[in-house]
Number of protein chains: 2
Amino acid sequence: MLKKTNPSFLNGVPELLVLKLLSRREMYGYEIVRAIQVETREAFSFGEGCIYPYLHYLESEKMVASRRKEVEGRSRNYYQITPRGGKRLDELSAEWNRVAGGIALLLGGQHA
Amino acid sequence: MLKKTNPSFLNGVPELLVLKLLSRREMYGYEIVRAIQVETREAFSFGEGCIYPYLHYLESEKMVASRRKEVEGRSRNYYQITPRGGKRLDELSAEWNRVAGGIALLLGGQHA
DNA sequence: AGCTGATACCTTATGCTGTGAGGTAGTGTC
DNA sequence: GACACTACCTCACAGCATAAGGTATCAGCT
């Protein structure tokens, strides 16, 4: 589903951010959507229509696991990252560094 | 054609790189395709089917101008950046910094 | 002379990905 | 009992890059 000649990273950012957030603590979908906005200081604002399908995909790939939990009179699907998801996170992080590095090579050069 | 709620930057990378390259010197299409591979150390490798349409689009928007030139027995379309293209480059650079910064905020945090 | 491969340009069909708009349902407040 | 927020979900649509195709010229080889 991934694997291209070019880093599939110009699209796959949501996957990276979701896995990273889950690597820190168990979270539920709605919370993730908000967290991405807040923690990137509005640099990103992926819609629910993007994040939910990603969570389902990640779960089907055993990158994350979910469990139903009742909190504050609310029923929520909490997601945890799996070891496989952790490996995936490492891969995506490395690829992001490659991408950001590549652009820095061209943009950087002679100023801040 | 651009303008979204989210930075349209996860796709618009080619536009940024093309403008940046042209801001340094006059270049032709084929050369740009190669330069992106080489100067990003293979981090990116956009195909001709991506770059040529971009050049045409940029020209139609007066971001770049072109002229036919005979060099080494070859006929080439050389492109130069215009003042408008320069402004666009500044905008895209700023947006890239926002994006890269946003991801760094999440990824960075508490380790290297 | 004929072939191959590189240069140089171009276009099209296809596919992935996120958006935007929708829809359900429960909770809390005024 | 109306409204807003939480929490989940889906689908039609569109942007963007890819892969694969096409044309033509030039250099080198045999």
Side-chain angles (χ1 to χ4, degrees), chain A residues 1-18 26-38 40 43-61 64 66-79 92 95 99 102, chain B residues 1-18 26-38 40 43-61 64 66-79 92 95 99 102:
Chain A
M1 190 182 183
L2 312 191
K3 298 285 179 248
K4 297 185 183 179
T5 66
N6 245 344
S8 55
F9 228 117
L10 316 173
N11 327 318
V13 171
E15 187 179 359
L16 170 63
L17 299 187
V18 166
E26 189 181 45
M27 293 177 81
Y28 58 98
Y30 207 67
E31 188 184 11
I32 292 172
V33 171
R34 300 300 180 82
I36 289 177
Q37 295 171 10
V38 173
T40 65
F44 295 99
S45 181
F46 296 110
E48 301 175 21
C50 170
I51 299 302
Y52 282 115
Y54 251 116
L55 287 170
H56 302 156
Y57 161 72
L58 288 172
E59 184 166 29
S60 77
E61 294 290 321
V64 302
S66 72
R67 59 169 175 148
R68 198 100 193 151
K69 216 176 158 187
E70 306 294 324
V71 180
E72 299 164 22
R74 292 275 175 188
S75 185
R76 296 168 177 165
N77 284 329
Y78 277 85
Y79 290 87
L92 291 181
E95 215 164 322
V99 165
Chain B
M1 191 183 183
L2 313 191
K3 299 283 180 267
K4 298 184 183 178
T5 65
N6 245 344
S8 55
F9 227 116
L10 316 173
N11 329 319
V13 170
E15 188 179 359
L16 171 63
L17 299 187
V18 166
E26 189 181 46
M27 293 178 82
Y28 57 99
Y30 208 67
E31 189 184 10
I32 292 172
V33 172
R34 300 301 180 80
I36 289 176
Q37 294 170 11
V38 173
T40 63
F44 295 99
S45 182
F46 296 110
E48 301 176 22
C50 170
I51 299 302
Y52 282 114
Y54 251 115
L55 287 170
H56 302 156
Y57 162 72
L58 288 172
E59 184 166 28
S60 77
E61 294 290 320
V64 303
S66 73
R67 59 171 175 145
R68 199 102 191 147
K69 217 175 157 188
E70 306 295 323
V71 181
E72 300 165 20
R74 289 278 173 186
S75 185
R76 296 168 178 165
N77 285 329
Y78 278 84
Y79 291 87
L92 292 181
E95 215 164 321
V99 165

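Numbers restart at 1 for each chain; the letters A, B, ... are given by sequence-line order, proteins then strands.
Taking atom CD1 of Ile36(B) as the reference point, atom C1' of dT18(D) lies 15 Å away to the nearest angstrom. In this structure, Arg67(A) atom CZ and dC8(D) atom P are separated by 13 Å, rounded to whole Å. Protein atom CZ of Phe46(A) is 19 Å distant from nucleotide atom P of dC8(D), rounded to whole Å. Remark: C1' of dT6(D) and CD of Glu70(A) are 14 Å apart, rounded to the nearest angstrom. Ile32(A) places its CD1 atom 11 Å from the P atom of dC9(D), with the value rounded to the nearest Å. Note: NZ (Lys69(A)) to P (dA7(D)) measures 13 Å, nearest angstrom. Between the OH atom of Tyr54(A) and the P atom of dC9(D) there is a distance of 17 Å, rounded to whole Å.
The side-chain heavy atoms of Val13(A) and Val99(B), taken from C-beta on, include no pair separated by under 4.5 Å.
In this view, Glu59(A) satisfies the salt bridge (Lys or Arg N to Asp or Glu O under 4.0 Å) rule with no residue, not counting sequence neighbours. Applying the side chain to side chain donor-acceptor pair (under 3.5 Å) rule to Tyr30(B) yields the partners Arg34(B); only residues at least two apart in sequence or on another chain are considered. Listed by chain and residue number, nothing satisfies the side chain to side chain donor-acceptor pair (under 3.5 Å) test with Glu48(B) (two or more places apart in sequence, or in another chain). Annotation: side chain to side chain donor-acceptor pair (under 3.5 Å) contacts of Tyr28(A) (sequence neighbours excluded): Arg76(A). In this view, Arg68(B) and Ser75(B), Asn77(B) satisfy the side chain to side chain donor-acceptor pair (under 3.5 Å) rule, not counting sequence neighbours.
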(request) Encode nucleotides 4-12 of chain C as B, S and - characters from 5' to 3', where the letter depends on protein heavy atoms closer than 4.0 Å: B to the base, S only to sugar-phosphate, - to neither. (result) --BBBBBB-
